[in-house]
Amino acid sequence: MFSLLYGLWKYLFQKDEYFVLILGLDNAGKTTYLEQTKTKFNRGYRGANLDKITTTVGLNIGKINIHGICLNFWDLGGQEELQSLWDKYYAESHALIYIIDSSDKERLEESKSAFEKMISSEQLEGIPLLIVANKQDITDCMSVRDIRQVLRESARLLGRRDCHMLGTSALRGDGIHDGIEWVVECVKRNVVRPAKRLDDS
């Protein structure tokens, strides 16, 4: 009898839990993207002052509950010396969000290089990937089409995975909702790395 009740309790009160990596070069807008995500999906969350966000040294974390699941976010520093730490998180990740600064044409090749190194990891094989062309609100920024063209050569490294690219303005919050909804759909159906279970207590 106890085991039956415990099984029912687990079914009713446990959520599937997923871990999402937010990566990209420094100043791409990763932390702003995370803050906007927490603001949009966590009722009552007031968030940080987006104009005062500084470069991440280490790790920022966040969590949202959406459509009956829990998404945990790890926003990692993007400076060159910190990129060597990214792979420490690959094995636990259920999805990737790679953020590109659409206004920084001079560093696009650098971002592409970091992207290719990341996506080549065997630990990320089959893991859903959302590529975010951020800062679309800035005049003369590169369009999503421009960035897709630059990354065209990298397509051979993607393998068999869900992959999507969209334009956003993390500062204004444009495109955040659509991106997170896409991630949720993908992690739910991904069989490469199933969810963890979280007690909702």
Side-chain angles (χ1 to χ4, degrees), residues 19-37 53-60 73-172 174-176 178-180 182-183 186-187 190 192-193:
F19 293 88
V20 181
L21 269 179
I22 303 177
L23 302 175
L25 298 187
D26 53 302
N27 201 41
K30 300 183 300 297
T31 303
T32 304
Y33 188 94
L34 175 58
E35 282 299 312
Q36 285 281 25
T37 298
I53 289 176
T54 58
T55 301
T56 298
V57 179
L59 168 72
N60 290 314
F73 297 92
W74 295 324
D75 157 31
L76 302 181
Q79 299 93 319
E80 187 175 355
E81 62 272 18
L82 295 178
Q83 290 174 26
S84 61
L85 301 176
W86 289 1
D87 62 0
K88 307 295 186 286
Y89 295 84
Y90 290 170
E92 298 295 320
S93 300
H94 295 91
L96 302 165
I97 299 176
Y98 190 83
I99 300 187
I100 297 172
D101 183 347
S102 304
S103 70
D104 194 350
K105 298 175 185 177
E106 293 181 2
R107 297 185 74 195
L108 184 57
E109 282 299 322
E110 182 185 349
S111 184
K112 177 185 174 186
S113 177
F115 172 80
E116 289 187 343
K117 185 176 179 183
M118 170 203 75
I119 209 64
S120 298
S121 172
E122 290 183 2
Q123 295 181 83
L124 295 176
E125 191 173 332
I127 301 303
L129 167 68
L130 175 65
I131 303 170
V132 173
N134 191 28
K135 305 188 183 181
Q136 289 292 305
D137 55 305
I138 295 179
T139 306
D140 296 327
C141 72
M142 293 173 285
S143 68
V144 173
R145 184 177 180 181
D146 294 335
I147 294 173
R148 184 177 281 118
Q149 192 65 32
V150 171
L151 293 180
R152 192 173 181 178
E153 300 169 11
S154 309
R156 59 187 167 75
L157 301 172
L158 294 176
R160 295 172 63 92
R161 73 175 75 233
D162 287 314
C163 184
H164 183 52
M165 179 185 287
L166 57 75
T168 67
S169 166
L171 191 61
R172 295 194 314 206
D174 301 340
I176 302 288
D178 290 345
I180 298 302
W182 182 87
V183 168
C186 290
V187 296
N190 188 275
V192 173
R193 195 162 293 162

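In this text the structure is predicted, and so the values were computed from the model without any measurement.
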Enquirer: With a 3.5 Å distance limit and no angle check, can you tell me whether Asp101 reaches the backbone of Gly29 through a side-chain donor-acceptor pair?
Expert: no
Enquirer: Are His164 and Leu166 packed together at the side-chain level, in the sense that at least one heavy-atom pair is separated by less than 4.5 angstrom?
Expert: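 The answer is yes, as the side chains (C-beta and beyond) meet within the 4.5 Å cut-off.
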Enquirer: Is the shortest heavy-atom distance from the side chain of Glu109 to the side chain of Val150 under 4.5 Å?
Expert: yes
Enquirer: Using atom types as modelled and distance alone, determine if a side-chain donor or acceptor of Gln83 lies under 3.5 Å from a backbone N or O of Gly77.
Expert: no
Enquirer: Output the distance between atom CD1 (Ile147) and atom CD1 (Ile100), rounded to the nearest 0.5 Å.
Expert: 5.5 Å
Enquirer: Using 0.5 Å steps for rounding, measure from the OG atom of Ser143 to the CD atom of Gln149.
Expert: 10.0 Å
Enquirer: Mind checking whether Val144 and Met165 have side chains closer than 4.5 Å, heavy atoms only?
Expert: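 In contact.
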Enquirer: Say you draw a straight line from OG of Ser103 to CD of Gln136; how long is it, rounded to the nearest 0.5 Å?
Expert: 9.5 Å
Enquirer: Just wondering, do Ile180 and Tyr33 contact through their side chains at under 4.5 Å, heavy atoms?
Expert: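 The answer is yes; the side chains approach within 4.5 Å.
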Enquirer: Any side-chain heavy-atom pair from Thr32 and Asn134 closer than 4.5 angstrom?
Expert: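 Not touching, per the 4.5 Å side-chain cut-off.
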Enquirer: For a side chain to side chain contact (heavy atoms under 4.5 Å, CB included) check, start with the C-alpha distance between Leu59 and Leu76, then their side-chain angles and the critical distance, and finish with the verdict.
Expert: CA-CA 5 Å; Leu59 168 72; Leu76 302 181; 3.3 Å; yes
Enquirer: Evaluate whether atom CD of Glu80 has more than 12 neighbouring non-hydrogen atoms of other residues, nucleotides or ligands under 6.0 angstrom away.
Expert: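 Check fails, neighbour count at 12 or below.
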Enquirer: Classify the ring geometry between Tyr98 and Trp86 as parallel (under 30°), tilted (30 to 60°) or perpendicular (over 60°).
Expert: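 Tyr98 and Trp86: perpendicular rings.
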Enquirer: Leu96 vs Met118, test: side chain to side chain contact (heavy atoms under 4.5 Å, CB included). Steps then yes/no.
Expert: CA-CA 10 Å; Leu96 302 165; Met118 170 203 75; 4.3 Å; yes
Enquirer: Check this for me: does any side-chain nitrogen of one of Asp26 and Arg107 sit under 4.0 Å from a carboxylate oxygen of the other?
Expert: yes
Enquirer: Does any N or O in the side chain of His94 come within less than 3.5 Å of the main-chain N or O of Phe19, such that one atom is a donor and the other an acceptor?
Expert: yes
Enquirer: Distance-only, no hydrogens or angles: does the Lys30 side chain make a donor-acceptor pair with backbone N or O of Leu25 under 3.5 Å?
Expert: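 Confirmed, Lys30 side chain pairs with Leu25 backbone.
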Enquirer: If you draw a 6.0 Å radius around CD in Glu153, do more than 12 non-hydrogen atoms from other residues or ligands fall strictly inside?
Expert: no
Enquirer: Nearest 0.5 angstrom please: Phe73 CZ to Leu21 CG, how far?
Expert: 11.0 Å
Enquirer: Please report the interatomic distance CZ(Arg156) to CD(Glu116), rounded to the nearest 0.5 Å.
Expert: 5.5 Å
Enquirer: Quick check: closest heavy atoms across Ser102 and Ala133, and the distance to 0.1 Å?
Expert: OG-C, 3.3 Å
Enquirer: Could you tell me if the side chain of Leu158 sits less than 4.5 Å from the side chain of Leu129, heavy atoms only?
Expert: yes
Enquirer: Please step through side chain to side chain contact (heavy atoms under 4.5 Å, CB included) for the pair Asp162 and Trp182, ending with a clear verdict.
Expert: CA-CA 10 Å; Asp162 287 314; Trp182 182 87; 3.8 Å; yes
Enquirer: Using side-chain contact (heavy atoms from CB on, under 4.5 Å) as the criterion, point out the one residue from Ile22, Ile99, Ile176, Ile97 that pairs with Leu34.
Expert: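 Between Leu34 and the candidates, side-chain contact (heavy atoms from CB on, under 4.5 Å) is satisfied uniquely by Ile22.
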Enquirer: Heavy-atom count check: over 12 atoms from other residues, nucleotides or ligands less than 6.0 Å from Glu110 CD?
Expert: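 Enclosed.
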Enquirer: Measure from the side-chain N and O atoms of Gln36 to the backbone N and O of Leu171, and report whether any donor-acceptor pair falls under 3.5 Å.
Expert: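 It does hold such a pair.
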Enquirer: Test side chain to side chain contact (heavy atoms under 4.5 Å, CB included) on Lys135 and Asn27; report intermediate values, then the result.
Expert: CA-CA 11 Å; Lys135 305 188 183 181; Asn27 201 41; 3.8 Å; yes
Enquirer: Does any N or O in the side chain of Arg193 come within less than 3.5 Å of the main-chain N or O of Asn190, such that one atom is a donor and the other an acceptor?
Expert: no
Enquirer: Would you mind reporting whether Ile131 and Leu151 have side-chain heavy atoms less than 4.5 Å apart?
Expert: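 When only atoms from C-beta onward are counted, Ile131 and Leu151 do touch, with a gap below 4.5 Å.
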Enquirer: Any chance you could measure Tyr90, atom OH, to Ile127, atom CD1, to the nearest 0.5 Å?
Expert: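 So the OH of Tyr90 and the CD1 of Ile127 are separated by 12.0 Å.
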Enquirer: Does any part of the side chain of Arg161, heavy atoms only, come nearer than 4.5 Å to the side chain of Ile119, both counted from C-beta?
Expert: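 They are in side-chain contact.
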